[in-house]
Colleague: 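One structure coming up, written as structure tokens, with questions to follow.
Each chain gets a letter, A, B and so on, in the order the sequences are listed, and its residues count up from 1.
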Amino acid sequence: MLKRGEYPSTGVGMLKDTDCGTLTLSDVGRQVALAGWVHRRRDHGGIIFIDLRDRSGIVQVVFNPSYAPDAYRTADALRNEWVVCIRGRVERRPPGTENPSLPTGQVEVHALACQILNPSRPPPFYINEDTEVDEALRLRYRYLYLRRQRLQRNLELRHRVVKFIRDWLSARGFWEVETPILTKSTPEGARDYLVPSRLYPGCFYALPQSPQQLKQLLMVAGLERYFQIARCFRDEDLRADRQPEFTQLDLEMSFVEEEDILNLMESLFTDLVEQVTPHKRLRKPFPRLTYAEAIAKYGTDKPDLRFGMELADFTDIARQCQFEVFRRVVQQGGVVKGFAAPGYADCPRRQIEELTTLAKSKGATGLVTLALGQPGLSLEALTPEQVRSAVARHFTIEQVQEMARRAGARPGDLLLIVAGEPATTNAALSALRTEMGARLGLADPNQVVFAFVTQFPLFEWNAEERRWESAHHPFTAPRDEDLPLLEADPGRVRSKAYDMVCNGYEVASGSIRIHNREVQERIFRILGYSPEEAQKRFGHLLEAFEYGAPPHGGIAPGIDRIVMVLANEASLREVIAFPKTQSAQDLLFGAPSEVSEKQLRELHLAVVHPETAPSGPPPS
RNA sequence: GGCCCGGUGGUGUAGCGGACUAACAUACCGCCCUGUCACGGCGGAGAUCGGGGGUUCGAAUCCCCUCCGGGUCGCCA
């Protein structure tokens with residue numbers, strides 16, 4: 001909501017000199033010129049009320065034939081979303097007719113003149129209500145969906161977040177530098193969006209997946225502190241929190257260690273939340289956990305820390321129990337882990353089945369639940385009869401009590417246990433934990449908990465191609481103490497890469513980079529690049545590093561995701577003005593689209609349609 | 001590419017083998033109403049149920065194919 005005086009009025013006095021949402025009792029008696037959209041019309045036969053809406057909010061306008069017959073006649077024709085200009089006087093509402101649910105509810109504007117600036121067809125969906133609309137329709141009529149107050153608030157929030165970041169970093173000596181959108185394809189990482197070159201047949205530019213190498217070159221150039229609100233492009237499949245083009249706060253600093261970057265981020269986002277979204281409760285200081293801790297306690301590297309329900313390890317108990325399924329999992333090198341859902345012991349069977357389905361969808365073979373009696377009892381007094389479970393008979397009461405203790409469970413809680421190979425077990429439990437957080441209302445929408453996850457592994461094993469790959473990117477520095485492990489045991493080498501997470505989303509990712517040629521060459525060797533290959537792929541960067549590259553590192557928070565979390569939205573589409581569908585289409589413009597033969601000829605392109613796919617542009 | 005959910009007047013939903021001549025709310029059109037704020041009252045118009053094929057005496061409803069939207073796994077250095 002705009003506050004009075006926060007922005008200059010959007011008009012200079014010809015059509016509009018005041019924003020609707022700013023009017024209060026202190027304006028009573030003022031003559032104002034308002035302009036905006038008809039939010040709603042209430043016709044009482046002898047008197048007409050219009051809720052007039054502009055981006056600042058809503059104010060009630062009263063049309064009374066006794067003091068403005070012409071305006072009253074005009075108001076009779078008005079319909080939702082017509083654009084009007086109204087001149088009138090701000091009046092205190094008659095006693096008893098104030099509307100406390102409206103910021104301007106103490107006053108109303110008595111219309112003296114009303115001009116229709118533009119009528120409107122009935123819109124294809126409600127703009128004056130926050131009701132569900134088919135996603136395709138929202139995108140097709142994006143300019144109408146954006147007219148909704150919720151979307152306008154989201155875009156305003158986004159503006160304020162970006163402005164805050166620019167000001168904050170500028171005040172701390174950071175320079176914003178633009179980097180090219182037309183750049184070079186790199187075979188690593190995500191699929192590139194390609195742009196054909198007219199002047200060089202068969203050659204292509206690529207849109208940046210991120211300005212990663214460019215910002216490192218800016219460090220070599222001696223800029224020391226750089227940032228950019230940068231658009232990034234990745235031609236990969238979409239998700240609720242992934243769009244093909246998105247915006248990063250790209251940032252890089254010279255002469256820094258990991259701690260410097262993390263402290264900077266903690267300081268920036270603490271100030272940002274406190275000043276831009278002061279109604280949010282922020283946890284300070286930001287929790288820090290290693291990758292290994294995150295996986296052990298939450299089963300994921302992007303845990304939602306607004307609630308506990310930490311995972312406990314029951315593998316050693318499972319090894320000794322009488323439950324054949326668990327024992328076999330442990331024998332085969334698997335793990336048995338679980339957590340306690342507080343007060344959920346009496347949950348209906350149907351909900352357990354839903355949880356089981358969820359666990360299986362994440363690759364688990366099943367879900368074991370133990371309902372631990374009634375609240376108020378003590379754990380020590382728990383009897384076998386009070387434990388309700390399909391598999392309770394395979395465990396001694398001491399084993400049940402020990403699992404409950406480790407999970408921090410109390411009587412009345414439900415233990416959820418998954419057994420299997422570590423990766424799927426953790427994935428399933430993480431999903432279950434998130435689901436229980438939602439079901440039990442533990443994920444407070446007014447709370448934001450940022451956290452740093454550190455010490456990611458430097459490499460990941462690609463089983464398909466039977467080789468090591470960079471977990472982050474090949475310029476990420478290994479931790480000094482793990483350097484001796486590099487060749488001997490690459491899988492155990494930890495990196496100076498870090499993520500920032502918030503309420504269950506990964507909102508930033510970064511690392512300290514390698515600036516030492518010898519280390520960089522060892523990394524390339526482990527990744528399987530010959531010196532010639534490394535030269536071909538990354539020659540420009542390697543060469544730059546030979547000319548006095550300073551130690552440097554950085555991070556890249558995702559603006560869209562951060563705004564999404566702060567706006568309490570579940571989809572990125574609600575915080576991007578013109579987003580694309582899950583199949584990467586722009587339904588408003590109809591992109592992507594075919595182009596003319598002439599354009600193709602100029603670009604030296606010929607289109608070969610796949611046999612399996614329909615030819616031509618996507619239907620719209 | 002796999003799996004899951006959805007598509008019914010303009011919009012949002014209900015209906016899920018026969019009582020559907022498809023219901024409700026709202027928007028829309030007309031009439032009435034001078035203090036409402038999701039104003040209210042009366043009346044009206046508006047969908048052959050995303051598209052195609054099939055099963056059946058009978059399909060919005062069951063089956064197959066397909067299109068669109070969403071979620072998710074793979075993917076996203």
Side-chain angles (χ1 to χ4, degrees), chain A residues 39-52 58-67 72 79-81 91 93-102 104-105 108 110 121-141 144 186-192 209-210 212-213 232-244 246 357-358 360-363 424 427-428 431 456 458-460 462 464 468-476 495 497 506 509 511 523 527 537-538 558 570-571 573 580-583 585 587 612-614 618-620:
Chain A
H39 188 68
R40 216 180 283 280
R41 171 172 164 274
R42 290 178 295 280
D43 183 349
H44 287 249
I47 184 170
I48 295 172
F49 298 99
I50 297 283
D51 290 338
L52 187 66
I58 289 172
V59 72
Q60 172 166 280
V61 181
V62 187
F63 296 85
N64 193 318
S66 67
Y67 55 72
Y72 178 82
R79 293 295 180 272
N80 287 348
E81 300 311 316
E91 302 283 4
R93 289 198 187 192
T97 66
E98 302 90 348
N99 185 352
S101 58
L102 212 58
T104 61
E108 60 192 11
H110 289 197
R121 295 164 61 185
F125 50 81
Y126 298 106
I127 291 164
N128 55 10
E129 290 177 26
D130 196 19
T131 49
E132 287 294 307
V133 189
D134 181 75
E135 189 69 41
L137 207 58
R138 303 184 202 195
L139 295 172
R140 166 75 181 78
Y141 294 97
L144 294 181
T186 51
E188 320 298 312
R191 241 175 249 118
D192 288 316
Q209 296 171 24
S210 80
Q212 180 60 39
Q213 296 185 35
C232 307
F233 307 86
R234 292 178 192 174
D235 189 2
E236 294 293 344
D237 287 354
L238 276 42
R239 291 286 185 281
D241 61 353
R242 264 159 47 187
Q243 280 274 310
F246 59 99
T357 305
L358 176 65
K360 286 181 176 171
S361 78
K362 300 291 171 181
T424 52
F456 278 80
L458 187 62
F459 301 109
E460 280 167 1
N462 183 328
E464 228 168 86
W468 291 104
E469 288 181 341
S470 290
H472 188 57
H473 61 63
F475 308 107
T476 303
S495 71
E506 177 195 318
S509 188
S511 65
I523 300 287
L527 291 174
R537 289 170 189 253
F538 308 110
S571 165
R573 290 185 299 272
K580 293 182 176 59
T581 66
Q582 191 167 66
S583 46
Q585 279 193 67
L587 296 182
T612 49
S620 55

Colleague: Rounding to an integer number of angstrom, what distance separates B/rC16 and B/rG58 when you compare their C1' atoms?
Modeller: 16 Å

Colleague: Once hydrogens and angles are ignored, does a donor-acceptor distance under 3.5 Å link the base of B/rC68 to the side chain of A/Arg140?
Modeller: no

Colleague: Can you figure out which of B/rC33, B/rG70, B/rU36 approaches the side chain of A/Thr581 most closely?
Modeller: B/rG70

Colleague: Pick the C1' atom in B/rA25 and in B/rG46, then give their distance to the nearest Å.
Modeller: 15 Å

Colleague: Please determine, for the side chain of A/Arg79, which listed nucleotide (B/rG70, B/rU11, B/rC29) has the closest atom?
Modeller: B/rC29

Colleague: Closest to the A/Arg42 side chain: B/rU36, B/rG35, B/rC76?
Modeller: B/rU36

Colleague: In the strands shown, is B/rC3 matched to any nucleotide by a Watson-Crick or G-U wobble pair with both distances under 3.5 Å, and which?
Modeller: B/rG71

Colleague: What's the CG-P distance between A/Leu238 and B/rG69, to the nearest Å?
Modeller: 11 Å

Colleague: Looking across every strand, which nucleic acid part, if any, lies under 4.0 Å from A/Glu135 by heavy atom: base, sugar-phosphate, or nothing?
Modeller: sugar-phosphate

Colleague: When you measure from the side-chain N and O atoms of A/Lys362 to the phosphate of B/rU72, is any distance below 4.0 Å, counting only OP1 and OP2?
Modeller: no

Colleague: Please measure how far the P atom in B/rC76 lies from the corresponding atom in B/rU11, and state the result in whole Å.
Modeller: 39 Å

Colleague: Once hydrogens and angles are ignored, does a donor-acceptor distance under 3.5 Å link the base of B/rC76 to the side chain of A/Arg242?
Modeller: yes

Colleague: Looking only at atom P, what distance separates B/rU21 and B/rC49, rounded to whole Å?
Modeller: 14 Å

Colleague: Applying a 3.5 Å limit to both distances, which nucleotide forms a Watson-Crick or G-U wobble pair with B/rC62?
Modeller: B/rG54

Colleague: Please report, rounded to the nearest Å, how far the C1' atom of B/rU34 is from the OH atom of A/Tyr72.
Modeller: 8 Å

Colleague: Of the nucleotides B/rC37, B/rG69, B/rG35, which one has an atom closest to the side chain of A/Ala136?
Modeller: B/rG69

Colleague: Considering only atom P, compute the distance from B/rC20 to B/rC24 and round it to an integer number of Å.
Modeller: 12 Å

Colleague: Select from A/Thr131 and A/Arg239 the residue whose nearest nucleotide in RNA chain B is closer to the 5' end of that strand.
Modeller: A/Thr131

Colleague: From the options B/rC75, B/rG35, B/rC68, select the nucleotide whose nearest atom is closest to the side chain of A/Glu236.
Modeller: B/rC75

Colleague: Hey, are the side chains of A/Gln60 and A/Asn99 touching, using non-hydrogen atoms and a 4.5 Å cut-off?
Modeller: no

Colleague: Quick one: does any side-chain atom of A/Ser583 pair with a main-chain N or O of A/Gln585 as donor and acceptor, under 3.5 Å?
Modeller: no

Colleague: B/rC33 base stacked by A/His44? Criteria: ring centres under 5.5 Å, plane angle under 30°.
Modeller: no

Colleague: Would you confirm whether A/Arg41, through its side chain, and A/Ile48, through its main-chain N or O, come within 3.5 Å as a donor-acceptor pair?
Modeller: no

Colleague: Closer than 4.0 angstrom, basic N to acidic O: yes or no for A/Asp51 and A/Arg42?
Modeller: yes

Colleague: Check whether any side-chain N or O of A/Ser511 sits under 3.5 Å from a backbone N or O of A/Phe475 as a donor-acceptor pair, and report yes or no.
Modeller: no

Colleague: Looking only at the side chain of A/Asn99 (C-beta and beyond, no hydrogens), which of the listed nucleotides B/rC37, B/rG71, B/rC75 gets closest?
Modeller: B/rC37

Colleague: Side-chain contact, heavy-atom cut-off 4.5 Å: A/Glu135 with A/Arg573?
Modeller: yes

Colleague: Figure out the CG/C1' separation between A/Asn80 and B/rC28, and round it to whole Å.
Modeller: 11 Å

Colleague: Return the pairing partner of B/rA23 with a 3.5 Å limit on both distances, Watson-Crick or G-U wobble; otherwise return none.
Modeller: B/rU13

Colleague: Report the distance from atom CZ of A/Phe233 to atom P of B/rC75, rounded to the nearest whole Å.
Modeller: 24 Å

Colleague: Need the pair for B/rC33. Rule: Watson-Crick or G-U wobble, both distances under 3.5 Å, any strand; none if unpaired.
Modeller: none

Colleague: Quote, to the nearest angstrom, the C1' distance that separates B/rG50 from B/rG7.
Modeller: 6 Å

Colleague: Once you apply a heavy-atom cut-off of 4.0 Å, does A/Glu98 come out as touching a base, just sugar-phosphate, or nothing?
Modeller: base

Colleague: Nearest whole angstrom, please: distance from the C1' of B/rC39 to the NE2 of A/His39.
Modeller: 14 Å

Colleague: Counting only N and O atoms by type, is there a donor-acceptor contact under 3.5 Å from the side chain of A/Gln243 to the main-chain atoms of A/Lys580?
Modeller: yes

Colleague: Using the P atom as the point on both nucleotides, what is the distance between B/rC64 and B/rU55, in whole Å?
Modeller: 15 Å

Colleague: Relative to the 5' end of RNA chain B, which residue comes earlier, A/Ser470 or A/Arg573, by the nucleotide with the nearest heavy atom?
Modeller: A/Arg573

Colleague: Heavy atoms under 4.0 Å, any strand shown: does A/Ser583 hit a base, just sugar-phosphate, or nothing?
Modeller: sugar-phosphate

Colleague: Just by distance, do the side chain of A/Glu236 and the backbone of A/Arg191 share a donor-acceptor pair under 3.5 Å?
Modeller: yes

Colleague: Of the listed nucleotides (B/rG70, B/rA27, B/rU36), which one gets closest to any side-chain atom of A/Gln60?
Modeller: B/rU36

Colleague: In terms of the angle between their ring planes, are A/Tyr67 and A/His110 parallel, tilted or perpendicular, with boundaries placed at 30° and 60°?
Modeller: parallel

Colleague: Looking at A/Arg40 and B/rU36, is any side-chain donor or acceptor paired with a base atom of the opposite kind under 3.5 Å?
Modeller: no

Colleague: A/Arg138 CZ to B/rU11 P: how many Å, rounded?
Modeller: 14 Å

Colleague: Do the side chain of A/Gln209 and the main chain of A/Ala190 share a donor and acceptor less than 3.5 angstrom apart?
Modeller: yes

Colleague: Tell me if the side-chain of A/Glu132 makes a donor-acceptor pair with the base of B/rU11, cut-off 3.5 Å, by modelled atom types.
Modeller: no

Colleague: Regarding A/Asp235, tell me which of base, sugar-phosphate or nothing describes its non-hydrogen contacts under 4.0 Å with the strands shown.
Modeller: nothing

Colleague: Confirm from the modelled atom types if A/Glu108 and B/rG35 form a donor-acceptor pair under 3.5 Å, side chain to base only.
Modeller: yes

Colleague: Examine distances only and state if a side-chain atom of A/Ser495 and a backbone atom of A/Phe456 form a donor-acceptor pair shorter than 3.5 Å.
Modeller: yes

Colleague: Using OP1 and OP2 only, check whether a side-chain N or O of A/Gln585 sits under 4.0 Å from B/rG69.
Modeller: yes

Colleague: In whole Å, what separates the C1' atom of B/rA22 from that of B/rG9?
Modeller: 10 Å

Colleague: List the protein contact pattern of nucleotides 5-10 of chain B with one symbol per nucleotide (5' to 3'): B for base contact, S for sugar-phosphate-only contact, - for none; contact means a heavy-atom distance under 4.0 Å.
Modeller: -----B

Colleague: Between atom CG in A/Asn64 and atom C1' in B/rC33, what is the gap in whole Å?
Modeller: 14 Å

Colleague: For A/Gln209, which contact category applies under a 4.0 Å heavy-atom criterion: base, sugar-phosphate, or nothing?
Modeller: nothing

Colleague: Could you tell me the separation between the CD atom of A/Gln243 and the C1' atom of B/rC76, rounded to a whole number of Å?
Modeller: 14 Å

